[in-house]
Amino acid sequence: MGSPTKSAAEHDEGAVGRRRFLTFLVAAPTLTLATTNLAPDGLDAAAAEAGVPGLPQPADIMDLGDVLILAGTPTANLLVLEVTEDGEAHFELPRAEVGQGITTAVAMLVAEELDLPLSKVRVRLADARPELLMNQLTGGSNTIRSVYGPVRRTAAAARARLVAAAGRRWDLSPDRLVTRDGAVVAPDGRTASYGSLTGLAATLPLQGLTAKPKPESEHTLVGTPTSRIDARAMVTGAMRYTLDLDVAGAKPTMVRRPPTINGTVRSVNNETAVRAMPGVIDLAVVPTGVAVMAETFGQALDAKDALDVTWNDGTVDALSDADIRKRLRAAALPFVVPPLLTRHVDAEFDFAFVSHAPLETNSAIADVRDDQAEIWAGLKSAIVAKQTIAAAIGLPEDRVTVHVRQSGGSFGRRLFFDGALEAAQISKAMARPVKLMWSRIDDMRHGRARPATHHKIRATYALGQVLTYEHRVAAVETDLRHGLGEILTATAARLPVAGNLSFAQTVFLTTVKVPYDFGVVTELLNEVPLKMHTASWRSVYSANTRGAEEILVDELANRMGKDPVAFRRAFLKTDRQRRVLDKVAAAGNWGRTMPAGFAQGVGFHDEYKSCTACLVEIDARDPGKPRVVRAVIAADVGRPINPRGLEAQLLGGLTDAISTTLRAGLHIDRGLPLEGSYSQFHYARQKDSPTDVRIFIMPADGEPGGAGELGVPAAVGAIANAYARATGTRPRSFPINFDVDFTPFPR
Amino acid sequence: MPTYTFAVNGKTVTVDAPADMPLLWVLRDKLGVTGPKYGCGIDVCKACTSHLDGEAVNPCVVPVSEAAGREVTTIEGLAEGDTLHPVQEAWLEEDVAQCGYCQPGQIMAAVALLRKNADPTDAEIDAIQNVCRCGTYFRIREAIKRAAAKM
Ligand code: FES
Ligand code: FES
């Protein structure tokens, strides 16, 4: 594919929402367009929109999604759309698909704008493209928000060119032509398929052609519940994940890892014996351990287990949960408001480490040669991955090709590319292509985790008003070194936070906000840096921070003599928020009488220009084995692209909340998580999930907000509140039932 | 090395493999049948669920020698040509999959359940242990009920 040249450029400017775009014709035999996202008309406009009475918090003014959009604005060729000779639209998406349904949503936008059946749209994940600078990061619930305008703009430009080409062929004015079902239709009924027009459309000199996306009121596909475009491949086993690829010569490889996090190899004591094992092809010491390659993964696994290795210490060998908790408590910043003279509620909460545990373990294929390298992996920050890998194996960046593969879950995990980097290092050391798979045990123990956090909250109240609200979060440092740091540096001058804050504090302040009018609100984060593998976990700081707040809100309501729903209704800031809350209260029959041991609970959350409420019913007759039996969720995301996909995201968020609130976490014991399997890390199973779930998506009104992470915090609050009411306890430490009820695997 | 002959999705195959090699790796690494997924290798996650003579098994813990002379069915062998199995159809109608990684195993587990029990109760569906880390359980439940109604 050629790159756009000045002479081929068509100035196709227009304003969609707050942002402007420039679409180029790319020199190619078929119609191919690339769209640049120009500087925004000003995110300052957003500040004006956020006219919340009282004191807006930073995330009200500009949230993390805005930051990512702003950082991504000046990059060229953001999107590439091609209309092929067989009448399909091929779209390259510089994002990762990890199950969140973004390829389907984007295909819907393209199909809508082109008047093309959805089945004729193909969305491919783009290779790492460093020229996109900061525009290839999948996170912050930002994908739909960042591509909604540009995708429609690009497809609209393609449609205008196809229509112009048909007009030229028939000698008719384009404004007399319409498009339908992948073809241009003339007033006399003649049709020309897009496939037959694409060649002509690619060559027509059409300077100054302008095209506007359809008005949203004319959308017939966008906004309607639609099934995933890849669902059939998924249910027939045809879907190819990284390890299902057949890359010539790439053989199964596994790594024997140290007994503690970040330990290193001192010596391999039985290399000859292991090399002689059946199927073993090669062995190499790499920074993370000892890699073994074999004919099958079964043999690689046996060989790695047979290795006798002497290890150097890791980086947190002395640390266990109790020490970490002590450090977190010490790190929580003090409150400003003394508890004197005012009525107040104080509460402290602890949340354990949580594994991301995507079902597809960390995996990658790497083929590193002397003068070039090729990598395949599921990557949410593909550009940083490419740059880091190139540096690590000593090749210029342009000699390293990084293919982004659709992957089996992420939840934040695949922001990091440690598997791809390790595969590249092994391939270089062995001088062969490798197919690297992490064992489940390693994935849980040496993979990434949501950091443990400690929370102190104090609210003061008088005369039916909440006067002050303070939340101090102490967290083990969340590793953000996957490109987000660069993005925040680049946008620093525009951020609505004063002073010289750390990246983490910036992310915290651009994601977390209290949705209630609680007087003077201060929320502060203090991080404890520990050298272990952490990463954002679906909803970054919000799951714990907002989850804890929703628990406190119930206790505050109780103290002030109000019903939890009525209390939230009274203190929520906007009618839009209240409508969402009212929806679950009505649909969930809030306040109905429940048998002993059962209770309802409610939670609310607002983030990334979206808001959601969750109402659950829990069966906690046995407090050690509670089950959420029913859930009602409502969400307002501004403009849902695919309500069906959105419901799936909210369902996933609910299951995450059930798991992490009730049973799923990691115990850190002398420098290593004890958990190494789903029989130990208790992510919910079918028997733990509700048999009745109803999800309501509020009608479209505005621009799309973020949704991938939205579901977790409200559900955490709802579940904990239901548990508290059912059992008469005040849960303070999560997960609630967190015994070591298993024999850990050997280290 | 011993050789074993068995059927995979209706085709007879013969492989050279140590007797104790787990069937999962024979399928994936020797035969290129990649529908069954690795998620743990120790019979916990159930991502590899397939059928041996029509019964659900977890090939990550079934030695290849046990498959000799028998019929292995993986997710790839469930549809009849282009005609999907009713369980697969129900999965599409409920749009169950998110990342999709667990779904071959979920579907094979559901098919095995419905073979034994044409109209499972919620409690019987609860007995399915397959992990779905994307949390699609409710849609899986609905899809099983839908498939039961179809069959
Ligand atoms: S891989 Fe077979 S049960 Fe997990
Ligand atoms: S759909 Fe992702 S693990 Fe089940």
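In this text the structure is predicted, and so the values were computed from the model without any measurement. Hydrogens, waters and symmetry mates are skipped; everything else that's a heavy atom, side chains included, is used. In the text below, chain A, chain B and the rest are named by the order of the sequence lines, each starting its count at 1.
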With a 3.5 Å distance limit and no angle check, can you tell me whether A:T361 reaches the backbone of A:W438 through a side-chain donor-acceptor pair? yes

Bottom line for A:P358: the part with an atom under 4.5 Å from chain B's heavy atoms is backbone

| Between A:R630 and A:D619, is there a side-chain N and carboxylate O pair less than 4.0 Å apart? | no

Bottom line for B:C132: the part with an atom under 4.5 Å from chain A's heavy atoms is backbone

If you tally heavy-atom pairs under 4.5 Å between each of B:G39, B:G77, B:P104 and chain A, the highest tally belongs to B:G39

Honestly, the part of A:F745 sitting under 4.5 Å from a heavy atom of chain B is side chain

Chain B shares the most heavy-atom pairs under 4.5 Å, among A:A648, A:S689, A:G237, A:A684, with A:A648

Check your understanding: Looking at the rings of A:Y241 and B:Y101, which for Trp means the six-membered one, are their centres under 6.0 Å apart?
Key -> yes

### Query
Less than 4.5 Å apart, any side-chain heavy atom of B:E66 and any of B:L23?
no

Bottom line for A:S659: the part with an atom under 4.5 Å from chain B's heavy atoms is neither

Ranked by heavy-atom pairs below 4.5 Å to chain A, first place among B:Q129, B:Q98, B:Q103, B:M1 goes to B:Q98

Checked A:L359, A:T655, A:L243, A:L301 vs chain B; the most non-hydrogen pairs under 4.5 Å come from A:L359

Most contact-rich option vs chain A, by heavy-atom pairs under 4.5 angstrom, among B:H85, B:R28, B:K30, is B:R28

So, the part of A:T226 with a heavy atom under 4.5 Å from chain B: the answer is backbone

TODO: Verify side-chain hydrogen bond (donor to acceptor under 3.5 Å, both in side chains) between A:T242 and A:S363, making sure each step is shown before the conclusion.
DONE: CA-CA 7 Å; A:T242 300; A:S363 52; 4.7 Å; no

Scored by heavy-atom pairs under 4.5 Å with chain A, the best of B:E93, B:E89, B:R139 is B:R139

Okay, B:L24 and chain A: the region with an atom under 4.5 Å from a heavy atom over there is neither

Most contact-rich option vs chain B, by heavy-atom pairs under 4.5 angstrom, among A:M234, A:K687, A:R685, is A:R685

Honestly, the part of A:D656 sitting under 4.5 Å from a heavy atom of chain B is side chain

Exercise for the section: Taking B:D29 for its side chain and B:V26 for its backbone only, find out whether a donor-acceptor pair lies under 3.5 Å. Expected result: no

Under 3.5 Å donor-acceptor, B:Q88 side chain and A:V235 backbone:
yes

All heavy atoms of A:I641 vs all of A:A105, minimum pair found to be CG2-O, 3.8 Å

Open item on the list: Looking at B:K116 and B:E55, is any side-chain nitrogen of the basic one under 4.0 Å from a carboxylate oxygen of the acidic one?
Closed with: yes

Applying a strict 4.5 Å limit to non-hydrogen atoms, the region of A:V98 in contact with chain B is backbone

Under 4.5 Å to a heavy atom of chain B? For A:E295 that would be backbone

Cut-off 4.5 Å, heavy atoms of chain B, and the answer for A:M437 is side chain

Ion pair present between A:R440 and A:E675, side-chain N to carboxylate O less than 4.0 angstrom? no

The interface call for A:F297 against chain B, heavy-atom contacts under 4.5 Å, is both

(Q) Salt bridge check, A:R228 against A:E97: does any charged N sit closer than 4.0 Å to a carboxylate O? (A) yes

Cut-off 4.5 Å, heavy atoms of chain B, and the answer for A:I658 is neither

- Query: Quick one: do A:R663 and A:D741 make a salt bridge, cutoff under 4.0 Å?
  - Reply: yes

Run the side-chain hydrogen bond (donor to acceptor under 3.5 Å, both in side chains) check on A:S677 and A:Q680 step by step: do they pass? CA-CA 5 Å; A:S677 149; A:Q680 305 171 349; 5.2 Å; no

Interface check, chain B: of A:S439, A:A238, A:P225, most non-hydrogen pairs under 4.5 Å belong to A:S439

Check: Using 4.0 Å as the upper bound for N to carboxylate O, is an ion pair formed by B:D122 and B:R141?
Finding: yes

Okay, A:D692 and chain B: the region with an atom under 4.5 Å from a heavy atom over there is backbone

Most heavy-atom pairs under 4.5 Å with chain A, out of B:L92, B:I140, B:I107, belong to B:L92

Turns out that what part of A:R240 lies under 4.5 Å from chain B's heavy atoms comes down to side chain

Whatever's closer than 4.5 Å to a heavy atom in chain A on B:A79 counts as neither

